[in-house]
Amino acid sequence: MAKKNQKTNERRAMVEQMRSEQARKERTRSLLILGACIIVVGALIGSAAFVAIKDSRDKDALAKKKLASIGKTESAAGCDPIKTTKTDGQQNHIPDGTPITYNDAPPSFGNHRPSPTAFGRPFYSADRPEVAALVHNLEHGYVIAWYDETAAKDDKQMDQLKAIAEKFQNAQGRFIAVPWYTKEHDGLPADGKAFPDGKHIALTRWSADAENPGDTSKQAGNWQYCTSVSGGVMDAFFNKYTNEQSPEPGQPLV
């Protein structure tokens with residue numbers, strides 16, 4: 001009987017030891033898994049923080065750059081020479097809701113809405129104002145930089161374009177950057193046809209004779225198409241025309 005009890009006790013001790021060893025292994029595995037998770041989470045947080053800090057530093061660097069040094073040079077940006085054509089002589093105020101068709105992509109002159117887009121911000125994305133309202137801004141001497149869907153997908157170029165637009169705004173320049181849609185978007189129809197092949201940025205300006213700005217026979221639409229963003233090109237295009245060379249110059253920035 002004593003031997004039987006001894007064997008039973010030995011088996012119990014062995015089972016208990018096995019359970020204890022298994023529990024120790026489970027604890028060790030759990031700690032290893034927890035440690036690995038902490039390392040992964042820490043790496044993800046560190047990576048996200050690094051990206052955020054780098055993005056912030058990149059934007060700060062853009063803000064400090066001179067306008068002409070943002071983006072690519074004229075040749076590297078694939079910019080065409082400025083195209084200029086006479087206007088159609090139409091610059092009527094068309095009530096909101098009444099369709100207006102523009103033959104050019106994008107327009108640089110023509111009939112437009114009664115009120116221009118306010119200059120509360122220099123850069124727009126999906127919440128862009130109506131094209132016909134922007135044409136009214138062109139009448140008052142604004143330069144508009146339009147970017148298509150391809151350019152909109154390039155975060156680096158969008159950061160550059162925002163920095164350029166903000167520099168113009170800080171200098172009280174009449175400049176707005178907006179998207180141009182060649183397809184339906186947010187339930188709205190496309191704005192018009194695509195830019196010329198390989199071009200994703202379009203600058204537009206509605207110019208007039210400084211001595212007689214109301215003479216429609218001397219008014220012109222001006223375009224410059226580029227493949228990529230170029231602060232130097234935009235600066236030169238902007239400064240090619242004075243405010244007096246606008247159909248309705250002298251209007252206050254709104």
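At least one side-chain heavy atom of Arg113 sits under 4.5 Å from a side-chain heavy atom of Thr98. Between Pro114 and Asp96 the shortest side-chain heavy-atom distance falls below 4.5 Å. The side-chain heavy atoms of Leu203 and Val233, taken from C-beta on, include a pair separated by under 4.5 Å. Looking at Asp88 and Phe109, their side chains come closer than 4.5 Å, going by heavy atoms from C-beta outward. The shortest distance between side-chain heavy atoms of Val135 and Tyr102 falls below 4.5 Å. No side-chain heavy atom of Asn137 sits under 4.5 Å from any side-chain heavy atom of His112. Residues Gln160 and Lys65 fail the side-chain proximity criterion, which asks for heavy atoms closer than 4.5 Å. Taking 4.5 Å as the limit, some side-chain heavy atom of Asp127 sits within range of a side-chain heavy atom of Arg121.
The shortest heavy-atom contact between Ala208 and Pro213 is CB-O, 3.6 Å.
With hydrogens and angles disregarded, no donor-acceptor distance shorter than 3.5 Å links the side chain of Glu166 to the backbone of Ala163. A donor-acceptor pair is defined here as one N or O able to donate and one able to accept, closer than 3.5 Å; no such pair exists between the side chain of Arg205 and the backbone of Phe237. Under the 3.5 Å distance criterion, the side-chain polar atoms of Trp223 are left unmatched by any main-chain donor or acceptor of Ala105. The closest donor-acceptor contact from the side chain of Asn111 to the backbone of Asn92 lies under 3.5 Å.
Taking a 6.0 Å sphere around CG of Asp197, one finds it holds 12 or fewer heavy atoms contributed by other residues, nucleotides or ligands.
By the salt bridge (charged side-chain N to carboxylate O under 4.0 Å, His left out) test, Glu149 is found to be paired with no residue, residues two or more places apart in sequence or in another chain being considered. Qualifying side-chain contact (heavy atoms from CB on, under 4.5 Å) partners for Asn170, counting only residues two or more places apart in sequence or in other chains: none. Contacts of Ser30 classified as side-chain contact (heavy atoms from CB on, under 4.5 Å), with partners at least two apart in sequence or in another chain: none. Take Ser75 and apply the side-chain contact (heavy atoms from CB on, under 4.5 Å) test, not counting sequence neighbours, and it matches Thr73. The salt bridge (charged side-chain N to carboxylate O under 4.0 Å, His left out) check on Asp191 picks up Arg128, with sequence neighbours excluded. Scored by the side-chain contact (heavy atoms from CB on, under 4.5 Å) test, Gln169 finds Phe119, Pro122 as partners (sequence neighbours excluded). The salt bridge (charged side-chain N to carboxylate O under 4.0 Å, His left out) check on Asp186 picks up nothing, with sequence neighbours excluded.
Sorted pairs that involve residues 87-136 and meet disulfide (SG to SG under 2.5 Å), not counting sequence neighbours, are lacking altogether. For residues 226-240, there are no salt bridge (Lys or Arg N to Asp or Glu O under 4.0 Å) pairs, not counting sequence neighbours. Pairs passing the disulfide (SG to SG under 2.5 Å) check and including a residue from residues 110-147, sequence neighbours excluded, do not occur. Screening residues 28-38 for salt bridge (Lys or Arg N to Asp or Glu O under 4.0 Å) gives Glu26-Arg29 as the qualifying pairs, with residues at least two apart or on separate chains. Legend: salt bridge (Lys or Arg N to Asp or Glu O under 4.0 Å) pairs involving residues 73-83, not counting sequence neighbours, sorted by first then second residue: Asp80-Lys199.
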(message) Evaluate Trp146 against Leu134 for side-chain contact (heavy atoms from CB on, under 4.5 Å), listing each step before the verdict.
(response) CA-CA 11 Å; Trp146 311 78; Leu134 290 162; 3.9 Å; yes
(request) Could you walk me through whether Ile100 and Ile94 pass side-chain contact (heavy atoms from CB on, under 4.5 Å), step by step? (result) CA-CA 8 Å; Ile100 303 176; Ile94 307 300; 3.6 Å; yes
(request) Take Val143 and Met234 through the test side-chain contact (heavy atoms from CB on, under 4.5 Å) and record every step on the way to the result. (result) CA-CA 9 Å; Val143 167; Met234 294 181 183; over 6 Å; no
(request) Go through the steps for Tyr147 and Phe123 under the test ring-ring contact (aromatic ring centres under 6.0 Å, His included), then give the verdict. (result) CA-CA 11 Å; Tyr147 59 92; Phe123 180 91; 5.6 Å; yes
(request) For Thr117 and Tyr142, run side-chain contact (heavy atoms from CB on, under 4.5 Å): C-alpha distance rounded to whole Å, both residues' side-chain angles, the deciding distance at 0.1 Å, then the answer. (result) CA-CA 11 Å; Thr117 296; Tyr142 280 75; over 6 Å; no
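Side chains of Gln219 and Thr216: a donor-acceptor N/O pair is absent below 3.5 angstrom, by distance only. Under the 3.5 Å distance criterion, with hydrogens and angles disregarded, no donor-acceptor pair is assigned to the side chains of Trp206 and Thr87. Checked by atom type, the side-chain pair Asn222/Gln224 shows no donor-acceptor distance below 3.5 Å.
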